[in-house]
Amino acid sequence: MPELPEVHTIASDLKTTIEGFRIDDVELEKGYKVYPTADYFAKTLVGAHVDKVGRIGKNIVLKLDSPNFLTFHLAMTGRLLLKDPTTPKALHQRLQLTLSNKGESVALRFCDARMFGKVSVWTGQELRKLKAKYGPDVLTQELLPQDFAARLKIKNTSVKNALLEQATVAGLGNIYATDALWLAKIHPETKTRDLDLQQATDLLKAAKDILAEGIAHRGSTLPDEAYVDVFGQPGHHQKYFRIYGKTFCPVCTTRVDYKKLNGRGTYFCPSCQK
DNA sequence: ATGTTTGTTCCGAT
DNA sequence: CATCGGAACAAACA
């Protein structure tokens with residue numbers, strides 16, 4: 001997916017475009033599964049207004065003017081697109097919400113080639129449960145270096161794996177975690193229990209910096225264009241990757257090492273990252 | 001044909 | 001019972 005910067009970009013664009021809009025219609029593609037059920041879905045959404053748009057980890061959250069919340073998780077290949085309702089169905093379109101406000105009408109389309117993504121409606125209580133499954137957001141100021149260090153320390157795995165676990169901290173995915181470790185000069189296979197407070201502090205700052213950059217660049221779009229923003233436009237952060245996908249370290253020009261960690265492609269500089 | 005892929009969840013092993 | 005890592009989910013592309 002879309003990691004935190006891409007999800008953030010989508011949520012903030014939806015905030016300025018569809019807050020206050022009424023959901024007039026829900027069109028589910030045949031055979032596409034939503035949660036809890038298609039019937040409940042249509043019944044709960046039609047007629048509701050989008051009150052607020054936000055984010056929990058990598059979930060985009062639409063707070064409705066009813067006791068309900070609509071969430072989108074894009075997983076690897078999910079997209080949310082805003083289109084004129086009269087335009088043809090998007091590629092791999094799974095769900096469309098038609099929204100309107102003051103005579104203006106717009107289609108919010110959820111598309112997902114691989115169907116790892118999820119669209120759900122939750123009650124307030126259920127949403128709190130969802131939120132409880134996530135650790136603190138990497139970008140929240142409330143996450144202090146000491147807390148971050150403690151959260152890492154209790155894991156019995158490599159720092160790279162721990163960073164990808166949303167229950168440890170929320171928001172990082174494979175690309176930004178890889179670059180954050182490079183920026184903090186920490187080897188991805190370092191056991192979390194071997195990290196000292198200074199390293200954890202450096203890593204948290206690196207992660208915040210990398211994510212903030214990603215947001216400033218409106219996310220990363222790889223050659224397959226799995227991620228584009230709600231207007232169909234690519235992000236730019238892929239031009240600023242530090243080590244992800246690189247052959248040579250941008251600082252010391254050492255040849256980059258590539259290794260699979262828990263099945264995820266991991267790039268690191270064997271010279272800078274000890 | 002084989003190996004890749006921005007994510008998460010489930011299951012078996014420990 | 002808790003935790004970890006690999007497989008699975010499924011499609012497009014090189």
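FYI, side chains are in, hydrogens and waters are out, and symmetry mates aren't considered; it's all heavy atoms of this structure. Just so we're clear, the structure is a prediction, and the values are computed from it rather than from any experiment. A, B, ... follow the sequence lines: proteins, then strands. Residue 1 opens every chain.
- A:K160 places a side-chain heavy atom less than 4.5 Å from the side chain of A:L181.
- Ion pairing between a basic and an acidic side chain is recognised when a charged N comes within 4.0 Å of a carboxylate O; A:R151 and A:D147 show no such pairing.
- Look at the P atom in both B:dT8 and C:dC13: the space between them is 23 Å, to the nearest Å.
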Exercise. For DNA chain C, just give me the dot-bracket, please: Watson-Crick or G-U, both distances below 3.5 Å, ( ) intra-strand, [ ] crossing earlier pairs, | paired with another strand, . unpaired.
Key: .||||||||.||||

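- Using a cut-off of 4.0 Å between Lys/Arg side-chain N and Asp/Glu carboxylate O, A:K246 and A:D179 are scored as not salt-bridged.
- Between A:L99 and A:I23, the closest side-chain pair of non-hydrogen atoms falls below 4.5 Å.
- The side-chain contact (heavy atoms from CB on, under 4.5 Å) with A:I60 is formed by just one residue from the set A:T71, A:L74, A:V119; it is A:L74.
- Side-chain N or O atoms of A:R94 include one that pairs as donor or acceptor with a backbone N or O of A:A113 at under 3.5 Å.
- Summarising the geometry, the separation between NZ on A:K58 and C1' on B:dT9 is reported as 14 Å, rounded to the nearest angstrom.
- Rounded to whole Å, the P atom of B:dC11 lies 15 Å from the corresponding atom of C:dA10.
- Both A:I154 and A:R94 lie close to DNA chain C; mapped to their nearest nucleotides by heavy-atom distance, the more 5′-ward contact belongs to A:I154.
- Annotation: proximity of residues 117-137 of chain A to DNA chain B (heavy atom, distance under 4.0 Å) is found for A:K133, numbered in ascending order.
- When the C1' atom is used for both C:dC4 and B:dT6, the distance is 23 Å, rounded to whole Å.
- Judged by the 6.0 Å and 45° rule, A:K118 forms a cation-pi pair with A:Y35.
- Taking 4.0 angstrom as the limit, A:H92 places none of its side-chain polar atoms (N or O) nearer than this to OP1 or OP2 of C:dA10.
- Put simply, the side chain of A:R264 and the base of B:dT5 share no donor and acceptor less than 3.5 Å apart.
- Within the 4.0 Å cut-off from OP1 or OP2 of B:dG7, not a single side-chain nitrogen or oxygen of A:Q166 is found.
- At B:dG7, none of the side-chain N or O atoms of A:N174 fall inside 4.0 Å of OP1 or OP2 (strictly under the cut-off).
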